[in-house]
Every structure is written in structure tokens, then in C-alpha cells.
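Reviewing the structure listed below.
Everything numeric in this text was worked out from a predicted model, so none of it was measured. For ligands, and for the atoms within them, numbers begin at 1 and follow the listed sequence.
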Amino acid sequence: MRAEIPFFPPDLFADDRKVMLELLQEIGTAREQKFILGTRTADFEELLRDSLGAADVVACGSGTAALGLVLRAMGIGSGDEVVVPAFGCAPLASSVLEVGAKPVFADIDPHTMVVDPDDVERRITDRAKAIMPAHMFSIMADMPRLVELAAQHKLRLLEDSAVAQGAVLRGTPAGLWGNAGVFSFVQVKSFGMPGEGGAVVTGDPELGRTVRMLRNHGQNRRRFVYDIVGTNSRFDEIQAAFQTYRFAGFPARLERRAAIADYYTERFSRLNGRAIVPPPPGREGRCYYVYCLQVEKRDELRDHLASRGIGSHVYYPQPLPLQAGFAPHAPAGGRWPNAEYASRRILALPIYPHLSDSEVARIADAVCDFAREDGALR
Ligand SMILES: *Cc1c(COP(=O)(O)O)cnc(C)c1O
């Protein structure tokens, strides 16, 4: 019996356990007893800011919180609309609803699964205040077109780059294409950590300043002096020190993810182009957070992989506006055909950096064997 290959590995931070314990001891027993928003958070923000060439990076409670903080800093609220992708995770819609605005769901490109700029344009009304695209799985959204659209219609552009930290498109890093972007450090993300956390990144220092106040109860410099109504979305000192330490290894881990994706895509290019469709090849504008196939017999492939001890995952089983939680906020009877198509076919394979070459080959073999048995080889 060969070892299982889980989709979510339990040993993501195994190599850095000693460092985590040392930081816990050091910060936990330090004289100043400072556990949030201290010098380590400031150092972590500065590291990210300088590595990106951003005007500001503000660490906060989560990627979801980061979206909400930016929307609030932009003054978006009741009566406003924000155009978001119909396919993606809950925060794309919930962050907009939380500030009292309305998410307007645009369909996606059926192959890349990022939002379709033509459909975004069709859905812009005179109540629209912002466009909020998301980079999906391994592919950055069509930011050049979306920047153009935002300028044309005088809309703000908030880039949900929660999964795309480290990706670069036409020389511009993910996160810096719009007025602001966000990162998520939740465990499963490419620069994940053992806990909750996120960041707002921006080229606009004024927006950064407002987000900084909002994340800490609207306080500016002095404690208990509230200039605006904020919230609690602060960052942990132990996690900040841990992430600062782990940042040096981040490029190598991203490169390993990309190399695994290159290998998969090369192996799968020989499959029938309809039954099992790999993402497009290449490195430009790519992030390899999750490697997603589109598969005609998705559930059968999922079972086949499971029978060989290989975990896989369905991101996302239903478009957002068709989910019970969000349907009341979407036009009744609305259709998003490409998002619906993607949710029926999508299947993600393991792609974490410490997969061994033989495990990666075993996963690709299992997919190709399924295709062969199914007559889907060219
Ligand atoms: C993970 C994710 C978020 C939210 O990040 P959290 O840190 O989990 O709150 C937002 N948008 C996208 C596209 C994500 O994948």
C-alpha cells in the first residue's frame, strides 16, 4: 500500500517548527508583552512593501477583512454596486454586502475561469462604484483590460489577489494593478501561515493611511482617540515574525509549485482536449496556488484518484449567485453559463511545494490512466 497523497498536507510548517517555538518563547516572555501590531508587524509590512514596490502594506486579520477594509476606505456603501466574479469564494460577495453595497455578478471566461471583462462591462450601471476581480487558482485576471474599463467608467479597482502573491503580469506584481489589492496568509494559500491573517497592498498612501486607521478602531496615532469608525482587524506579532522568517524561502516554494504545474500541463497536453482540459501553459501572470483541471467526468476522476490514495478538491461546486446565501442578492432567474459550466467540471490536484517528484508523477499517471481507460487519449 503506497502512502496517501492528501490534498491539504498536514506537514506544511514541519520544517519551521523549531523557529515557531523559539518565537513563541521569545515574544511570549518578552518584557514588553506586545502581541499585536508591534515592531514585528511593522517589519513584516515593510518587507512586503519594499519587495513589491508598494506605497503601503497594512497587515490585518484576514484576506476577507482586507477586502472589507479597502471597500470601507474607498467609501463604498449603501446604494453602491461592486462588480464581482460569479465564480469564486464567498468573500467576493460577502465583503461587498457587509459594507451595505450590492455585489453585481459577472460571468467568467470558460477556460481561464477569471472574470470576463466583456461581461463586467455589460453589468456596469450608474450605481457602480468599483470593480473587484479575483485571480483564480493559477491565473491572474485580465488586469490590463480591467484597468482600462475602470478608467473609462471612473470606477475604483480592487484586486482580490488573495491567492496570487508573488505573481507578476507584464512586470506589475499582483496586488498593484488597481487602487488596492489584498493578500491572504491563511494556511492553504501560497504564502500561508499557521493561523489567520491578511494584508492590504496599495500604491496610494492616502488609502493605506485610512486602512491603517480602520483596522484598529479608527484610531490614528493616539489610543482611544477615534477619528473614524473602524473595526478590530489587527495582526499577530508571532505570526509576523514567523512570516518574516519564512519570506526568504517563498520564491523557491513558488518556483516549485510552478515546476509541478509545468510538469502536469505537459503530461496532460496529450489528453483529449475536451474530456480533460489542463490550464494553459506558461509562467506570465500565473500563481499556481491551486492547479485545476476541467473534467467532463469530474466525479469519476475524483473517485479514481481517491481509489489510488490521491486527494483532490472541488473549488467551487456552485457559482456564487446561485448559492442560497447570495441568491437573494442576485437577479432572480439570472444565469452565469460559464461559471455554471466550470463548477460542474472543475477538479484541483495537489500542488504543494514539498510533493516529491515521484508523488507528482504518480498523480499525473493516475489522471492519464483514467483518461486511457475512458478512451480520452489522443
Ligand atoms: C482565500 C481567499 C480570500 C479570503 O482570504 P481569508 O484570509 O481566508 O479571509 C479572498 N478571496 C480569495 C479569492 C481567496 O482565495
Side-chain angles (χ1 to χ4, degrees), residues 7-8 12 44 48 57-72 82-99 103 105-106 108-109 112-115 130-143 146 157-167 174-175 177-178 180-201 211 215 231-236 239-240 242-243 254 257 285-292 313-320 323 325-326 339 342-343 346 348 351-352:
F7 185 78
F8 295 109
L12 267 175
F44 179 49
L48 292 181
V57 171
V58 186
C60 62
S62 68
T64 304
L67 292 174
L69 290 170
V70 175
L71 290 168
R72 286 172 74 166
V82 179
V83 185
V84 304
F87 192 57
C89 59
L92 285 166
S94 61
S95 63
V96 175
L97 288 162
E98 245 182 63
V99 299
F105 299 97
I108 56 170
D109 176 283
T112 60
M113 296 181 278
V114 293
V115 79
I131 307 175
M132 188 161 100
H135 309 310
M136 294 294 285
F137 314 123
S138 72
I139 304 180
M140 280 179 67
D142 185 352
M143 295 315 296
L146 293 163
L157 183 60
L158 165 48
E159 187 186 353
D160 183 345
S161 34
V163 308
Q165 193 172 356
W177 277 88
V182 307
F183 294 145
S184 164
F185 309 126
V186 77
Q187 182 165 350
V188 296
K189 303 289 158 88
S190 308
F191 191 46
M193 63 189 199
E196 293 274 19
V200 172
V201 308
V211 167
R215 80 166 164 186
T231 184
N232 173 6
S233 184
R234 300 178 298 216
F235 204 79
D236 183 283
Q239 300 282 13
F242 190 61
Q243 285 300 76
L254 271 186
R257 284 173 179 271
R286 303 297 290 274
C287 45
Y288 296 113
Y289 153 62
V290 162
Y291 186 92
C292 278
H313 197 64
V314 174
Y315 294 82
Y316 296 95
Q318 254 195 330
L320 287 172
Q323 306 246 9
F326 300 117
S343 11
I346 195 158
I351 194 174
Y352 39 92

Side-chain donor or acceptor of S62 paired with backbone N/O of G197 under 3.5 Å: no

Flag side-chain contact, heavy atom, 4.5 Å: L48 against Q243: no

ring-ring contact (aromatic ring centres under 6.0 Å, His included) involving F44 - partner list, sequence neighbours excluded: F185, F235

Spacing of CZ belonging to F8 relative to NE2 belonging to H313, to within rounding of 0.5 Å: 4.0 Å

Sequence-distant partners of P85, side chain to side chain contact (heavy atoms under 4.5 Å, CB included), two or more places apart: L92, V115, A134

Residue list, side chain to side chain contact (heavy atoms under 4.5 Å, CB included) with L254, at least two apart or on another chain: S190, F250, R257

Protein residues that have a heavy atom under 4.0 Å from any atom of ligand 1, sorted by chain and number: S62, G63, T64, C89, P91, D160, A162, V163, S184, V186, K189, G197

